[in-house]
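As structure tokens, the structure follows; a few thoughts come after it.
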Amino acid sequence: MTQILQLDAVSKAFGAVTVADDLSYGLEEGEALGVLGPNGAGKTSMFNLITGTLKPDAGRITFAGDDITALGAARRSRSGIARSFQVPQPFTHMTVFENAMVAATQSAGLAGREAERLCIEVLDQTELLDKANDRAGGLTLLNRKRLELTRALCAKPRLLLLDEIAGGLTEAECTALIATIKSIHASGVSIIWIEHVVHALMAVVERLIVIDFGRKIAEGEPKAIMDSPEVQEIYLGIEADA
Amino acid sequence: MSTDIRISRTSNAAKVAAVLGALIVVILIAAPYWAGRADLRLMGEIFLYLALASLWNLLAGYAGLVSVGQQAYVGFGGYMLFALTIFSGLPPLVAIALAGLLGALISIPVAALIFRLRGAYFAIGTWVMAEVFRLVFAQVSALGGGSGTSLPTDIVRSMADGRSAREALSYWLALGAALIVVTAVYLLLRSRKGLALTAIRDNELASASLGIDIWRTKFFVYVVTSGLTAIVGALIFLQKLRISPDAAFSVNDWTAFVIFIVVIGGIGTIEGPIIGTIVFFLLRETLADLGTIYLMVLGLVAIVVMLKAPQGVWGFIRHRFDLQLFPLGYRVERSKDS
Amino acid sequence: MDFVNALVQGTLLGGLYALFAAGLSLIFGVMRLVNIAHGDLIVLAAYLGLTTTVALGVHPLVALIVVVPAMAGIGYVLQRAVLNHTLGDDILPPLLVTFGLSVIIQNALLEGYSADPQKMDAGALETASVALGPLSLGVLPLLTFAIAVAVIAGLQWCFYRTPLGRAFRATSDNQDIAQLMGLNKRHVFGLAMALALAVTAVAGILLGIRTSFDPSVGGGRLIFGFEAVIIGGLGNLWGTLVGGVILGVAQTVGATINPGWQLLAGHIAFLVILAVRPNGLFPRISA
Amino acid sequence: MPDPILKLNGLDAFYGDFQALYGVELSVHEGEVLAIIGANGAGKTTMLRSISGLITNDAAQISYRGQQIGNARPDVVAQMGLAMVPEGRQLFPSLSVEENLMIGGRVNRKGPWNLRRVYDLFPILEERRAQASTSLSGGQQQMVAIGRALMSNPDLIMFDEISLGLAPVIIRDIYKALPGIVGGGMSAVIVEQDITKALAVSSRVYCLQEGRVSLEGRSDTVSRDEIARAYFGVE
């Protein structure tokens, strides 16, 4: 297997608040990695560092063999890194279909019919086709999350970063989402998934890392990680002495 | 399953508008044969203002680059027309095209500097650049220094035989400039780059994450707009036949009025500048006798529109009737049997 | 010797530019508003001063007693009635509305005072000078510079040592949370604009004593003020004074070389600093 | 039961142009600690912003001590005795620690809280009083945010995601301090992701799901299963 992503000793701080502290890990091509950690642990900042929205203070990020540390967000997107935002960031004045077209034309670099066909396909897969002509600003939270996933997929990513995409969904919606993500994964896309809905995560990922205060505090096979007392205390708030 | 789905980029209203528009264009092309000399001059001025307004709208309404210094390129274009025809002996039409090219070129270092400023400071930075242009041209004594110069009569004569032929040519150039600018803006906004611009306007964070290089996109729009503005500037002073630093780089004439036009008509729409130009000239032709009062009324109307109806006249119409004469979007249509 | 003289005169001129800039800097610092009509308001203050001196027969500096509160009142009302409605994430409404105001003020002044240049008569103050070695320093430029330093020191004190300044800073940091602290942001912004225009009043009177003015000169004053703010660094009041001085010196040195280069030299100094230090010399806040 | 001091009467609130709350009915009684739980995006923060006046609603949809405040300005609401500790602390970075607290005291209401008492509650803040608030650790910043809200001597204090981004030991300390804060008749609304903590300190709990109240009950009697159903919408 080849390495698709590698973080080497990446650090980032805002004043007294450290969001990434000597963070290192790698991801194999086609692997699905889950990320756990309490709110404010620096998980979303880690995504910002990988996508180029944030520049690290120190460290190196390699994607598909290239050092991308100095590249901007747009270049990284075009090279195959796509993400969904935890707080959805739709283009509110554009329709759902046009939102998808932005990804297909600008990131995936498609044009004309080819771009349109991809968007229709993905919208069908993410169950947004009925809303294709709706303005994105008027969507419900669930549909905004679906739109996040849609846009990320229309970018034809090699690496897909999902940020709490299952939060706030009903059980049935969650089950459908898991099936979608599994099929994306099966098509060969590498995935890093930040999620609080642990059972959803466990259904898809092959490996877990746990982050707190910007540091990687555990890494390994999902079941073993979830059973470790340290993780239980930090992540679930269950106190070791309680 | 996607066979019964098609993507449409037009609407019935737009088709009707296109036919009507083509008809109006034909009538306007024929204007030298039916309009009087004064009307022709006025219409020429209207088209040049329409071109300026459409360009400023592209810059501010779509690329978010709120410039109050576009007079820099109007004046630059005007001076280039004079300099290239007087010093290099180029035919005026070639000089006009070259003025556009040079305007685009000079806007590159300007952009590199003022793109360091954000928001409203960018706006005033553009004004400083326009002042620099004005002061520099005022130093060129070969072009009349601070008091300016006239276009030599032999150059004017070289354009066409006879006064009415020259005035018709000047009119057609103005009409052509307006048509080219509006069409160019429309095609740009329908293109892949236009989609990027619209996305940036909505959400910069998401745009960057979807592969859009925000700086480059804005830079591209700034350079293209500046070049086209310089061409319009050259045409403006081809009409006036006389240029001076104060007239060429007037913030009121080439920027304040243009901004008022766009805002009153509806910023961020292609239709807005067209409506705004009509409103502006209606106001001017009815109130011009009032002098300074007219300008105060204009300022007041712009303020009231911005505060009470920031989408302008066209924004109001579009909202009310769901109308778009220049369709930019995509509609997904599914056949009934799906 | 010419050069040293230009340096000194430029520094003193910088005091006036710092006064143009201080109000601009203040309102940007508190509410991120850039007021295109700022220069026209300076000119308005000069005309108010002129009318006051003529009507009451007082010295222009005495007219400050009338013009400062008048401009402060105009500022408060303008902010509450108009400018507060333009604030938000979109920069276009404040820009356009202040642009509209600029056109209105200019033309109202034209209507009221005509386009003829006017000047305020400050009597002996205009020509008085003191000798400093070989240099002859005008008392008026010296006084202007001293007033600029005093005004900026006063603003600095107000900003960092008084409850009002605390309210300004809190509202500037985070409008939502400031309101949760019981601050009415519309009122706070009104006070900030009142204070800014009070400073503008001082600047306008000093401008009107120093040179002749007409309704069209506002744009130039706005640009000088703006350049001083950017050179000094956004949000830094003392930096604004330094910015004003750099601009003044560049202009007088430029004029020494070639009279036509005075304004150009100032703009070029600004552009050079923008190129090498885009955040100004002493930035405090990012734009 | 006496009239509640705060009542939401069918609150419909919008977050931008999308509706975040649908007909929410809720009441807070004098001296009670109420917990509000719910997943991300359930509408909790929109609710607190509506109550505090940062989001404008129909006047009648929110009443406070009998007055309709749904469309009142936030500074007026603050003067009436409602205070908020916002999510993510949101201190004023240009103000020192003490200035942050003093600006909280601008709402000049009578009551036990003043600088002295806040410093007694969080002694570390007195040591750091002259420092910039940005130089503090997350836990200390949370103390300033709480102190700042207390300085207005509110009748009702609202905490939004009080433990967000704080180490467990710090969260424990802050929850330990809570009884000392909300005792003495002050009512409190606590929005919290950590359900265990929320239930432990509150007397009643509401759960929001997709903008609607999905559960209302006494904190000591609701079962984990009920909460799981209300939280995730499990059928």
Side-chain angles (χ1 to χ4, degrees), chain C residues 25-32 79-80 84-85 87-90 155-192 195 233-240 279 282-287, chain D residues 16 45 48-56 72-109 130 132-134 141 144-154 156-160:
Chain C
S25 179
L26 178 76
I27 54 169
F28 182 80
V30 175
M31 57 187 122
R32 301 293 182 274
Q79 186 67 39
R80 295 288 310 242
N84 271 339
H85 302 284
L87 298 179
D89 292 335
D90 190 358
L155 287 177
Q156 188 82 10
W157 174 79
C158 168
F159 227 65
Y160 292 98
R161 293 281 177 271
T162 67
L164 179 65
R166 207 155 59 219
F168 283 161
R169 282 180 288 144
T171 313
S172 164
D173 281 348
N174 189 326
Q175 294 183 15
D176 278 358
I177 305 300
Q179 293 185 90
L180 295 183
M181 303 297 124
L183 291 165
N184 177 358
K185 74 172 178 187
R186 296 170 206 289
H187 178 63
V188 172
F189 289 161
L191 292 177
L195 189 57
L234 285 179
N236 186 339
L237 285 164
W238 287 117
T240 299
N279 291 319
F282 316 100
R284 203 165 198 132
I285 47 178
S286 51
Chain D
T45 296
L48 292 199
R49 288 176 67 87
S50 293
I51 296 170
S52 63
L54 290 172
I55 296 175
T56 306
R73 287 206 319 258
D75 55 301
V76 175
V77 173
Q79 303 280 0
M80 293 170 86
L82 275 133
M84 179 149 94
V85 181
E87 179 181 340
R89 279 87 71 181
Q90 306 212 36
L91 301 182
F92 299 113
S94 355
L95 272 59
S96 69
V97 169
E98 185 155 302
E99 283 182 315
N100 264 285
L101 295 173
M102 284 165 74
I103 204 123
R106 246 198 112 268
V107 174
N108 214 351
R109 291 168 53 88
S133 52
T134 45
Q141 289 191 17
V144 178
I146 294 172
R148 186 177 66 178
L150 289 173
M151 286 288 288
S152 69
N153 281 299
L156 171 64
I157 185 167
M158 302 183 284
F159 299 93
D160 195 1

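Computed from heavy atoms alone, side chains included, the values below leave out hydrogens, waters and symmetry copies. Just so it is clear: chains get the letters A, B, ... in the order the sequence lines come, proteins before strands, and each one is counted from 1.
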Compare all side-chain heavy atoms of D:D75 with those of C:H187 and state whether any distance is below 4.5 angstrom.
-> no

Least distance between heavy atoms, D:V107 atom then C:G182 atom | CG2-CA, 3.7 Å

Below 4.5 Å from any heavy atom of chain C, which atoms of D:P93 appear? Answer side chain, backbone, both or neither.
-> both

Report the distance from atom OG of D:S96 to atom OH of C:Y160, rounding to the nearest 0.5 Å.
-> 12.0 Å

Write down the atom of D:P74, the atom of C:Q179, and the distance for their closest heavy-atom approach.
-> CG-OE1, 3.3 Å

Under 4.5 Å from a heavy atom of chain C, the part of D:S52 involved | both

Check step by step if side chain to side chain contact (heavy atoms under 4.5 Å, CB included) holds for C:I177 and D:R148.
-> CA-CA 11 Å; C:I177 305 300; D:R148 186 177 66 178; 3.4 Å; yes

Got more than 12 heavy atoms from elsewhere within 6.0 Å of CZ, C:R186?
-> no

Interatomic spacing from CG in D:L48 to CG in C:L180 - rounded to 0.5 Å = 10.5 Å

Kindly indicate, with the supporting measurements, whether the criterion side chain to side chain contact (heavy atoms under 4.5 Å, CB included) is fulfilled by D:E99 and C:R166.
-> CA-CA 7 Å; D:E99 283 182 315; C:R166 207 155 59 219; 3.7 Å; yes

State the CE-CE distance between C:M181 and D:M84, to the nearest 0.5 angstrom.
-> 8.5 Å

To the nearest 0.5 angstrom, please state how far the OG atom of D:S94 sits from the CZ atom of C:F159.
-> 8.0 Å

For D:L54, is it the side chain, the backbone, both or neither that has a heavy atom under 4.5 Å from a heavy atom of chain C?
-> side chain

Picking from C:N174, C:N184, C:D176, which has the most non-hydrogen pairs under 4.5 angstrom with chain D?
-> C:N184

